[in-house]
Novice: 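Okay, handing you the structure first.
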Amino acid sequence: MGLLSYETADIFIREDLAAAHRRAWQRIGQPGTWFRAERRLAIAAETRATRDCAYCAECKAALSPYAVEGSHRAGTDLPDNLVEVVHRIATDPGRLTRAWFDRARESGIGDAAFVETVGVVVTTVAVDMFCHAIGAPPHPLPDPEPGEPSRRRPAGAKPGPAWVPMLAPDDRTADESCLDNVYVSPDPTFVRRALSLVPREASGLFDMVDAQYLPGRLIPDVAGRHRAIDRAQMELIAGRVSAVNGCFY
Amino acid sequence: MLRASATATGTSIDLTAIVDDDAGDGGVPHGGLLTTFAEAALGDDEILLDDTRQRVRDTLGDAALVDAAAVIANYSALDRVADATGIPLEPAKESGTADLRAELGIDVWRRPSPPGRSG
């Protein structure tokens with residue numbers, strides 16, 4: 001499968017954004033930190049399969065999503081515990097709970113593998129959502145690249161205020177230099193630290209964020225105009241998306 | 001950030017436009033159209049999305065449509081990162097947005113589940 005391209009879209013996509021999505025798609029098809037490429041691509045495919053999961057739709061409509069009995073309609077051969085994680089994050093993220101996370105961990109998913117799963121799910125969601133919004137068909141998933149996961153866990157990652165351990169800026173070593181594009185200030189926000197247990201995943205996410213939203217260095221410039229819509233328009237859209245998603249971080 | 005942007009540019013913005021269609025544009029140019037576009041992209045009504053997308057193109061131009069879609073994509077990802085990893089609000093952000101969260105009713109919409117509590 002060739003590289004992701006927007007050449008057939010009926011609208012011009014600025015090159016930095018197209019390039020960021022191209023890199024994001026390449027990463028999905030590469031060996032990760034805890035998963036081989038085939039597993040990462042299965043997570044991406046499962047993310048897409050959630051659209052046809054009647055159980056997810058039933059849970060989404062329910063007042064108490066975790067009280068609904070049934071099982072997910074999986075689109076891949078991922079193990080059931082990963083299918084559960086992928087489907088809930090993709091379809092009902094605003095009602096994830098600590099108890100749900102603990103059950104995922106007790107089912108045998110390591111905390112770093114969980115973080116990598118989150119990274120692949122949200123990359124798939126972002127690129128697919130962009131295509132949906134502009135009216136373009138979803139991109140074919142890339143072919144898997146050979147190789148083994150590095151299985152490198154940051155030694156300085158610590159349990160903290162989040163469900164997953166995170167890496168504070170002062171605890172970084174040269175092995176985590178890929179976080180340079182994420183930790184753009186001395187005290188980065190928690191959302192920038194959230195995937196830091198898998199630095200490559202965090203770095204990849206913010207490579208995409210820089211193009212979809214704004215590079216970190218421009219975020220404090222709230223009066224500046226760096227896109228075709230002004231900052232207030234961008235923030236209003238962001239606020240509405242987060243409200244619909246039930247995210248009040 | 002919307003409030004910060006409004007303050008920095010000296011504009012008056014109705015922050016309830018984030019959650020309430022009745023607020024119209026909320027003081028943001030074409031705010032109502034953009035929030036309708038965001039909702040349509042997140043929803044399942046393809047006809048509404050096609051119509052809204054075309055209205056954004058006609059009104060604001062192709063580049064604005066791309067940038068609006070990119071923001072929708074971006075927050076579709078970041079919201080899930082925040083919710084799936086259980087990050088809390090930073091203390092400064094929590095205290096600094098208490099009035100806003102109360103005004104928008106956000107604290108009523110979703111209360112955090114304490115550790116160990118069944119979903």
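Naming: A, B, ... by sequence-line order, numbering from 1 per chain.
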Novice: Shorter than 4.5 Å, heavy atoms on both sides: which option in B/Ala38, B/Ala63, B/Ser76 has the most such pairs with chain A?
Specialist: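 The candidate making the most pairs under 4.5 Å is B/Ser76.
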Novice: With a 4.5 angstrom heavy-atom cut-off, is it the side chain or the backbone of A/Val125 that approaches chain B, or both, or neither?
Specialist: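 Only the side chain of A/Val125 comes within 4.5 Å of chain B.
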Novice: What residue in A/Ile229, A/Val121, A/Leu236 has the most heavy-atom pairs under 4.5 Å with chain B?
Specialist: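 That would be A/Leu236.
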Novice: By a 4.5 Å heavy-atom criterion (distance strictly below it), what part of B/Asp20 contacts chain A: side chain, backbone, both, or neither?
Specialist: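 The backbone, not the side chain.
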Novice: Heavy atoms only, distances under 4.5 angstrom: which of B/Ile87, B/Leu42, B/Leu60 has the most pairs with chain A? Name it, please.
Specialist: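 Top count of heavy-atom pairs under 4.5 Å with chain A: B/Ile87.
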Novice: Could you list all the salt bridge (Lys or Arg N to Asp or Glu O under 4.0 Å) pairs where at least one residue sits in residues 183-200 of chain A, not counting sequence neighbours?
Specialist: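 Residue pairs with at least one partner in residues 183-200 of chain A: A/Asp187-A/Arg193.
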Novice: Do the side chains of A/Arg88 and B/Asp83 get close enough for a salt bridge, i.e. N-O under 4.0 angstrom?
Specialist: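 Result for this pair is no, no salt bridge flagged.
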Novice: Just by distance, no angles: are the side chains of A/Gln233 and B/His30 close enough, under 3.5 Å, to form a donor-acceptor pair?
Specialist: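 No, no side-chain donor-acceptor contact under 3.5 Å.
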Novice: Looking at B/Asp44, I'd like to know if its CG atom is crowded, meaning that more than 12 non-hydrogen atoms belonging to other residues, nucleotides or ligands lie closer than 6.0 Å.
Specialist: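 No, CG of B/Asp44 has 12 or fewer neighbouring heavy atoms, counting only those of other groups under 6.0 Å.
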Novice: Below 4.5 Å from any heavy atom of chain A, which atoms of B/Ile72 appear? Answer side chain, backbone, both or neither.
Specialist: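 Both backbone and side chain.
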Novice: Under a 4.5 Å cutoff for heavy-atom pairs, which residue among A/Ile134, A/Thr123, A/Asp128 has the most contacts with chain B?
Specialist: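 Highest number of pairs under 4.5 Å: A/Ile134.
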Novice: When heavy-atom pairs shorter than 4.5 Å are enumerated against chain A, which of B/Val56, B/Leu34, B/Thr35 gives the highest number?
Specialist: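 The candidate making the most pairs under 4.5 Å is B/Thr35.
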Novice: Which atoms of A/Leu17 are under 4.5 Å from chain B, going by heavy atoms: the side chain, the backbone, both sets, or neither?
Specialist: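 Side chain of A/Leu17 only, per the 4.5 Å heavy-atom cut-off to chain B.
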Novice: Quick check for you: among A/Leu197, A/Ile237, A/Val164, which has the greatest number of heavy-atom pairs under 4.5 Å with chain B?
Specialist: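 With the most close heavy-atom pairs to chain B, the winner is A/Ile237.
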Novice: Would you tell me whether A/His72 and A/Glu46 have side-chain atoms, one donor and one acceptor, within less than 3.5 Å of each other?
Specialist: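 No, no side-chain donor-acceptor pair sits under 3.5 Å.
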Novice: Please state whether the side chain, the backbone, both or neither of A/Tyr6 comes within less than 4.5 Å of a heavy atom of chain B.
Specialist: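 Neither part.
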Novice: Check this for me: does any side-chain nitrogen of one of A/Asp221 and A/Arg231 sit under 4.0 Å from a carboxylate oxygen of the other?
Specialist: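 A/Arg231 and A/Asp221: not salt-bridged.
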Novice: Is A/Arg240 salt-bridged to A/Glu235, cutoff N-O under 4.0 Å?
Specialist: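 Salt bridge absent between A/Arg240 and A/Glu235.
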Novice: Output every pair passing salt bridge (Lys or Arg N to Asp or Glu O under 4.0 Å) with a member in residues 112-124 of chain A, not counting sequence neighbours, ordered by first then second residue.
Specialist: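 Found A/Arg40-A/Glu116.
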Novice: Considering only heavy atoms, which portion of A/Val118 lies under 4.5 Å from any heavy atom of chain B: side chain, backbone, both, or neither?
Specialist: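 Only the side chain of A/Val118 comes within 4.5 Å of chain B.
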Novice: Output the option from A/Gly135, A/Gly239, A/Gly224 having the highest count of non-hydrogen pairs under 4.5 Å with chain B.
Specialist: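 Of the candidates given, the most pairs with chain B belong to A/Gly135.
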Novice: Check whether A/Phe12 gets within reach of chain B through its side chain, its backbone, both or neither, counting any heavy atom under 4.5 Å.
Specialist: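 Only the backbone of A/Phe12 comes within 4.5 Å of chain B.
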Novice: Atom CD1 in A/Ile89, atom CZ in B/Arg80: separation rounded to 0.5 Å?
Specialist: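 A/Ile89 CD1 to B/Arg80 CZ: 9.5 Å, rounded to 0.5 Å.
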Novice: Given heavy-atom pairs under 4.5 angstrom as the criterion, report whether the side chain, backbone, both or neither of B/Val28 touches chain A.
Specialist: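 Contact with chain A: side chain only.
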Novice: Sort B/Leu49 into side chain, backbone, both or neither according to what part of it lies under 4.5 angstrom from a heavy atom of chain A.
Specialist: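 For B/Leu49, the contact with chain A is made by the side chain alone.
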Novice: If I measure from the heavy atoms of chain A, does B/Arg53 come under 4.5 Å with its side chain, its backbone, both, or neither?
Specialist: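 For B/Arg53, side-chain heavy atoms alone lie under 4.5 Å from chain A.
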Novice: Measuring from atom CG of A/Leu205 to atom CG of B/Leu78, what distance do you get when rounded to the nearest 0.5 angstrom?
Specialist: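 These two atoms lie 5.5 Å from each other.
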Novice: Taking A/Glu7's backbone N and O only, do any of them form a donor-acceptor pair with A/Ser5's side chain (distance below 3.5 Å, no angle check)?
Specialist: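 Yes; at least one donor-acceptor contact below 3.5 Å.
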Novice: Which atoms of A/Asp230 are under 4.5 Å from chain B, going by heavy atoms: the side chain, the backbone, both sets, or neither?
Specialist: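 For A/Asp230, side-chain heavy atoms alone lie under 4.5 Å from chain B.
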Novice: What part of B/Asp25 gets within 4.5 angstrom of chain A, counting heavy atoms only: side chain, backbone, both, or neither?
Specialist: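 Contact with chain A involves the backbone of B/Asp25 alone.
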Novice: Looking at B/Gly26, B/Ala69, B/Gly61, which makes the most heavy-atom pairs under 4.5 Å with chain A?
Specialist: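 The residue among B/Gly26, B/Ala69, B/Gly61 with the greatest pair count is B/Ala69.
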Novice: Just checking, any donor-acceptor pair under 3.5 angstrom between side chains of B/Gln54 and B/Asp50?
Specialist: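 Checked: B/Gln54/B/Asp50 side chains show no N/O donor-acceptor pair below 3.5 Å.
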Novice: Which region of A/Ile219, side chain (C-beta onward) or backbone (N, CA, C, O), has a non-hydrogen atom less than 4.5 Å from a non-hydrogen atom of chain B, or is it both or neither?
Specialist: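 Interface part for A/Ile219: both.
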Novice: Say you draw a straight line from OG1 of A/Thr33 to CZ of A/Arg153; how long is it, rounded to the nearest 0.5 Å?
Specialist: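 Spacing of OG1 (A/Thr33) from CZ (A/Arg153) equals 11.5 Å.
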Novice: Between A/Met166, A/Arg51, A/His21, A/Arg14, who has the most heavy-atom pairs with chain B when the cutoff is under 4.5 Å?
Specialist: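 Top count of heavy-atom pairs under 4.5 Å with chain B: A/Arg14.
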